[in-house]
Asker: 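For reference, the structure I am asking about is given below.
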Amino acid sequence: MTKSKENLEKTREPISEESMKDLLTKQLEIVGSGGAFVWAIFFLCVTPNILNGFHVSSYTLLGHLPDDQWCGISDLQSTNWTTEQKRSIAERDLNSGGCTVWNWDYKHLSSMSYEAALQYTNRMTQIERPSEISCKVRGNYEYAHPETTFVADWELTCDRSLQRTSAQVSISLGKFCGSFSFGILADKFGRKASFTLGAAFFIVGSFFCTFSPWYSLFLIGRFALGAASSGLFYPAFTMIVENICLKHRSWMSIAFSASYPVGMIILAIIGYLIQPWRYLQLALTIPSLLLILNCYLMNESPRWLITKQRYDRCYRILFKQQSHYEIQPPIAAATEIISDKKALDTEVNVSLIQKLKDGPMKSIIELFSNPKVRKLIFTSYFMFCVTSLSYYVTALNASNLSVSRYLYIVATGVVDIPSYLVPVIMLRFTGRRITTSFLFLWTGISLLLVLSVPAGSTTWIVAFAMLGRFGISATYSVVTLYTAELYPTEIRNSALGTCSTFAHIGSISAPYVVDVLGALGWYIPTTICGSLVLVAGLLTLTLPETGTGKLIDKVDDAAAASTSPACDAAPMEQAEKK
């Protein structure tokens, strides 16, 4: 084996770096046009996004408010009264959901029969109504089905109800932090490395959520799941965009986004069959172990390897064999002799700030250093923030419908799936820019139409809100594809990661828009979102078209491309035919 390797090294053909790049790029175009290479990337990248649909939406089933809650009075436990009789004494005419009770002398009442106690309390109420006190002063919260929600385990109701919301906020905060950090890691260390770390976070976070005896540890697990969802989503999506030809790239990227609502539908089915929340969380955790197989089978992105000059590894992936080429350095570089000792000392004693600029922060600096790229990134930030805000606002506004939570999740998934299919057709004929702008305008108009509906027409209000949700779901998938194509390979994941950070600013803000501003007027949340979405649609028209099929690798090339006129649909169709 050693001799064969030595012979291979000796027989390697010399090749210039540019020729090697051209060879690998042409081979990537060939294998990326179809076959096992394409389908392997697709399935290895799509399946983790189904798991994202599990955990990010599981809050609706795991943390719902108890169907029925009341206060169990300690002094009445020894009586033979029924639960309804105890509640009629302690909570009669109160609408606090068991959070408060009347301040009776329950120890005295427990010595009476129910009928005598009822007559006594009626007589005393006519003389002087007792004060209203917290349930925890005289007893404990009791629930109809406490095993179906983690709210019962940690008593996250009444004065602690805000802590229940923190379970969902922790997911959003995790995605906020993960989208930024995993984007940088993917550009610096590779798509597979970032994906593998995200998978580890996902598995550990899932087990924390399943077996946590403390709510604080449960929140840490939810935070890890949020961060991991970004670590799985963006490197996997970038793998599809970078390595699959235009013919398949559009529909595969849309199918990738559509896998999320598939996870939601599966979640609703599993949730309907498994009611206890601990068992449901375990059922959602077990499939995450499949991520180990994904990490083992997944290769690094060949296009990223080319930009990092790791040609031998890229050659093995594309040609399924060891490279028999040896890169020859340019003549000038080979003959250059550094004789200045001070220059060497300066190179060794590089400052920490310079190391950061040339290392982890390089891709972030390049996003803002060039004015052309800076214009693109700020527009993308606004698009992502508005899209995420509108998506979650429409979801939260519709949640007050009197429907089963299982049916609601299924309905949401069913609505979202066709919303991902519509852009597939539009992208083929109108290009990225026009499709994105049209969907923004569609969503904005739909949400603003809520203003034309009378306040009592709940059906029409929900219908327009769901029409806006349909549009914003379609917009989400196109915006992600469009943004990935706008930026060069060197900073693509950093661009997507920081855009996702702004998206999660929108998702974190959504509950406050609904709860705080919605209290001032039921129409305010949809009006705000509709107006912002219309602005995003107009800003999209200022961006260049990217549907020509050729991705940019260098930041300097991106700056030059952004100054050229936007391409229309015709060149895109010609590129697809080629």
Side-chain angles (χ1 to χ4, degrees), residues 1-42 44-45 186-196 235 238-249 295-339 344 347 358-359 362-363 488-493 548-558 560-561 575 578:
M1 291 294 293
T2 305
K3 290 183 178 180
S4 62
K5 288 183 178 180
E6 291 177 356
N7 292 334
L8 180 62
E9 291 292 333
K10 292 179 180 179
T11 58
R12 278 193 165 194
E13 299 179 21
I15 188 174
S16 67
E17 186 173 0
E18 287 301 319
S19 299
M20 190 65 167
K21 284 183 179 180
D22 292 340
L23 175 66
L24 295 175
T25 302
K26 289 178 181 179
Q27 182 64 17
L28 178 58
E29 292 174 356
I30 293 173
V31 299
S33 61
F37 177 84
V38 169
W39 289 108
I41 290 179
F42 178 71
L44 289 175
C45 293
D187 281 334
K188 179 66 177 177
F189 300 105
R191 303 351 183 181
K192 181 179 179 179
S194 179
F195 181 91
T196 303
T238 305
M239 288 274 286
I240 291 177
V241 173
E242 287 181 345
N243 302 299
I244 295 178
C245 69
L246 183 65
K247 177 182 178 182
H248 298 297
R249 190 192 307 155
C295 295
Y296 176 76
L297 296 176
M298 181 180 290
N299 287 315
E300 185 54 82
S301 168
R303 188 174 292 275
W304 180 83
L305 291 172
I306 293 173
T307 62
K308 296 299 180 180
Q309 299 178 334
R310 300 181 185 179
Y311 304 119
D312 286 349
R313 185 178 175 187
C314 182
Y315 191 97
R316 288 197 302 271
I317 294 173
L318 296 178
F319 289 93
K320 304 297 182 183
Q321 63 182 12
Q322 292 288 338
S323 173
H324 58 278
Y325 293 104
E326 183 177 359
I327 304 297
Q328 295 295 311
I331 296 176
T335 58
E336 184 179 357
I337 300 175
I338 302 176
S339 58
L344 289 174
E347 186 176 351
D358 296 336
K362 181 180 179 181
S363 56
T489 305
E490 288 182 330
I491 58 173
R492 182 172 294 118
N493 244 95
T548 57
K550 184 178 180 180
L551 293 177
I552 300 171
D553 291 328
K554 300 293 183 180
V555 175
D556 294 339
D557 297 336
K578 292 180 181 179

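Note: hydrogens, waters and symmetry copies are ignored here, and every other heavy atom, side chains too, is used. Note that the coordinates shown come from a computational prediction; the quantities given were computed from them, not determined experimentally.
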Asker: Please identify each residue that fulfils side-chain hydrogen bond (donor to acceptor under 3.5 Å, both in side chains) with Q309, with sequence neighbours left out.
Answerer: E17
Asker: Could you tell me which non-hydrogen atom of I306 sits nearest to which non-hydrogen atom of K21, and how far apart they are?
Answerer: CG2-CG, 4.2 Å
Asker: Check H248 against I244 and note the closest heavy-atom contact, atom names and distance.
Answerer: CB-CG2, 3.5 Å
Asker: Is there side-chain contact between Q322 and R316, with at least one heavy-atom pair below 4.5 Å?
Answerer: yes
Asker: To the nearest 0.5 Å, tell me how far R303 CZ sits from E29 CD.
Answerer: 7.5 Å
Asker: What distance do Y296 atom OH and L44 atom CG have between them, rounded to the nearest 0.5 Å?
Answerer: 12.5 Å
Asker: What residues, two or more places apart in sequence or in another chain, satisfy side-chain hydrogen bond (donor to acceptor under 3.5 Å, both in side chains) together with T238?
Answerer: N493
Asker: Not counting sequence neighbours, which residues clear side-chain hydrogen bond (donor to acceptor under 3.5 Å, both in side chains) with S19? List them please.
Answerer: S16
Asker: Applying side chain to side chain contact (heavy atoms under 4.5 Å, CB included), can you list everything that pairs with L23, at least two apart in sequence or on another chain?
Answerer: M20, Y315, F319, Y325
Asker: Atom SG in C295, atom NZ in K192: separation rounded to 0.5 Å?
Answerer: 7.5 Å
Asker: Can you confirm whether C45 sits close enough to M298 that some side-chain heavy atom of one is under 4.5 Å from a side-chain heavy atom of the other?
Answerer: yes
Asker: Between the side chain of R191 and the main-chain N/O of A186, is any donor-acceptor distance below 3.5 Å?
Answerer: yes
Asker: Specify the closest pair of heavy atoms between E300 and G190, including all atoms of both residues, with the distance to one decimal.
Answerer: OE1-CA, 3.3 Å
Asker: Using the test salt bridge (charged side-chain N to carboxylate O under 4.0 Å, His left out), find all partners of D22 that sit at least two apart in sequence or belong to another chain.
Answerer: none
Asker: Side chain to side chain contact (heavy atoms under 4.5 Å, CB included) with R310: which residues, sequence neighbours excluded?
Answerer: W304, L305, K308, R313
Asker: How long is the straight-line distance from CG of L318 back to CG of L24, given to the nearest 0.5 Å?
Answerer: 6.0 Å
Asker: Measure the CZ-CG distance between F42 and N243 for me, rounded to the nearest 0.5 Å.
Answerer: 14.5 Å
Asker: At what distance, to the nearest 0.5 angstrom, does NZ of K188 lie from OG of S194?
Answerer: 14.0 Å
